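All remarks here apply to the structure that follows.
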Amino acid sequence: MCGIAGYIGHKIADQVLIVALERLKYRGYDSAGMAVVRDGEIHLRKAAGKLKNLSERIEAQPVVGRCGIAHTRWATHGAPTETNCHPHLSTDGRIAVVHNGIIENHEVLRRELKDQGCIFASETDTEVIPHLISTLYDGDPVAAVRAAIARLDGQFAFAVVFADQADRIVAARKGSPLLVGRGKKEMLLASDVPALLPHAQEVMFLEDGHIADFNADEVRICSFDGAAVAPRFKPIEISADAVSKGDHDSFMSKEISEQPEVLLRLIESRLRAGRLVEPDLGLDLAEVNHIVFLACGTSWHAALLGKRFLEHLARVHVEVDISSEYRYRNPIASGGTLVVAISQSGETADTLAGLRLARAKFIPVVGLVNVVTSTIARESNGVMPLMAGPEIGVASTKAYTAQIMALYLFALQVARAKGLLSQPEEARAIVSARAIVEHAARTLAECEDPVAEAADIFTSADATVFLGRGGEHPTALEGALKLKEIAYVHAIGYPAGEFKHGPIALVTRQLPVICIVPRDAMYEKMLSNLQEVRARSGRIITVGQAGDRSLADLSDHVFPVRMAPDDLLQPILSILPLQRYAYHVARRRDCDVDQPRNLAKSVTVE
Ligand code: G6P
């Protein structure tokens, strides 16, 4: 959690750092702060609440300096107050630190440091770091940082500036991401690539167990035990445009609209000469007979669909595990097992821990990630990239539909490796996948007015139920999650056939019940479930085929969706109006759709 940024160069540091924080605020946004070194002193600016509060403070009290570090916070230890917000200072104010992660032994260290005379200002675990460094500092910043790290338990990425080192930032990584960006006579530091733009042209991903010590011209890397490491930069491939809102009012809205092009890019990336390419995962898919999906949140919903695809197409036994549960079990490692870690960010701590547990048991792991430079990608035996481009809105949209498509294509690849997919079947499946691109574009256009109209009517509904069967059960879960996440409406997703076993007691004249009813094998069963809700006077919204009279007769509102040629792929289309619905309800309730309260995009703490 939290975003870190740093800058040294010829530009005014606070201006560069505010833009960097803007790009990192998806990692946390409950408070923000900055420390700039100038004239042998550290100048601190902090503000609780959204980043604009910090910008306003800096505008009122500018600090013109060329070297600084900054932070946007998602609170773990201590409330999101100005005092708890980073950077944190040593007692003499000569050392400032920003940190992402958790220092697990902070209480012991705090007691020890207090005994040595350190005065603590905040309730955070982070504050032990500047105090610890200051007790060990004798003019050599790297030596002090290395000695401090030897005392820290837990995971971290942190950056330090020293009042007497006007042109130097020292940063260290153990478990949380940290990148150094190189521009022309300027050097940047950040938790993620977009925050390095547009100043840096090259990036270096700091490895776990490494320290970076840099000025505007040069970076030196060493391991925690002091051994020098050659820095390896590579060109930055994303453009500043990819991380802007374009013509949209929010990243979420932009990312929803990008889905057709994302799906096309993904499908094309998995094909060569019209056939599915053999994925380069370092394992023989024909030998896989048991797959475990690990994921959290939206990625877990995609995993539920992955299970359907693999069971149906490749006849492989699949388990779907919530990462935070898997990591504390004692999973069985048998030959032929494959773990697939699904994560948009590739940084989710629980999924990463599950991956490490699997690897410790010698189970091969494939990462299905959007961020190919992420920790999960680097620690997996093989990687399947989502190709969705940067997803900035906290609520995942384009990464979700890309995950579903990627899992479908993966299931086809496994089926083919096992001799269960003939060439004509493969060709038909590719045609079906490609058709989704056009259907997605049409669905987004055609559902917009009915969705906005229903959002007008149900803006004040304080609860909503989503029902679906088969492949649309995950759609119901995901539709409910979107509404909870960004509109703060209590919502549940339920398998429609199970609804009568209890939750149907919730139905009143006020309750909107959103039923996902495509023309698939479950259609008739869903109509019966709709009748059950109707008989109890619930307000019915259906997601279904335009012009379906039976549906229209039973529904107060219909969100039209195109029908996928292959039922397995229908959930990619069915979720689209529900993403737009959550967006519209949130806007009408004056919610910040890109930065919902209490959430962060990548949860790098347990
Ligand atoms: C956070 C986000 C969710 C996301 C989940 C998993 O909780 O708020 O929107 O689905 O993390 O993220 P991942 O990057 O692992 O897919």
Side-chain angles (χ1 to χ4, degrees), residues 1-3 24-30 74-76 176-177 191-192 250-252 255-256 293-306 320-327 339-356 365-380 383-404 406-407 474-475 477-488 491 493 575 578-579 582-583 586 591-606:
M1 250 38 204
C2 306
L24 291 172
K25 64 189 183 187
Y26 71 87
R27 302 177 66 85
Y29 37 79
D30 57 36
W74 187 84
T76 55
S176 302
S191 308
D192 198 358
S250 60
F251 282 108
M252 182 187 186
E255 288 157 6
I256 290 174
F293 284 124
L294 298 185
C296 304
T298 290
S299 297
W300 180 71
H301 298 155
L304 295 173
L305 289 164
V320 181
D321 247 303
I322 288 179
S323 311
S324 53
E325 294 295 321
Y326 177 85
R327 63 182 292 190
V339 162
V340 179
I342 307 178
S343 171
Q344 186 283 133
S345 62
E347 300 294 348
T348 300
D350 286 320
T351 306
L352 187 57
L355 174 160
R356 287 176 178 159
V365 178
V366 168
L368 179 58
V369 296
N370 194 32
V371 183
V372 287
T373 48
S374 60
T375 313
I376 289 179
R378 279 183 289 120
E379 295 198 14
S380 297
V383 179
M384 295 189 284
L386 285 179
M387 323 283 297
E391 190 181 66
I392 313 278
V394 164
S396 187
T397 53
K398 63 177 178 174
Y400 176 63
T401 46
Q403 284 166 339
I404 302 172
L407 287 165
T475 309
L477 296 175
E478 177 62 8
L481 181 62
K482 289 286 91 80
L483 197 62
K484 280 184 275 208
E485 278 181 316
I486 64 163
Y488 317 143
I575 193 60
L578 301 184
Q579 293 171 342
Y583 163 84
C591 302
D592 183 337
V593 298
D594 284 339
Q595 295 170 49
R597 70 181 178 213
N598 304 341
L599 301 182
K601 183 124 189 98
S602 54
V603 183
T604 57
V605 293
E606 192 178 334

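These numbers come from a predicted model, not from an experiment. Order of listing sets the numbers, starting from 1, for every ligand and every atom in it. Start at 1 with the first residue, then count along the sequence.
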Looking only at the side chains, is there a donor atom on one of Q403 and S299 sitting less than 3.5 Å from an acceptor on the other?
yes
Looking just at side-chain N and O atoms, do K482 and S396 make a donor-acceptor pair shorter than 3.5 Å?
no
In order of chain and number, which residues sit within 4.0 Å of ligand 1 by heavy atom?
C296, G297, T298, S299, S343, Q344, S345, T348, V394, E485, A600, K601, V603
Taking R327 for the side chain and G354 for the main chain, is one N or O donor matched with an acceptor at less than 3.5 Å?
no
Please list all pairs meeting salt bridge (charged side-chain N to carboxylate O under 4.0 Å, His left out) that have one or both residues in residues 383-403, counting only residues at least two apart or in different chains.
E258-K398, E391-K601
Say whether, by atom type as modelled, one donor and one acceptor occur between the side chain of N370 and the main chain of G346 under 3.5 angstrom.
no
Between the side chains of S323 and T351, is a donor N or O closer than 3.5 angstrom to an acceptor N or O?
yes
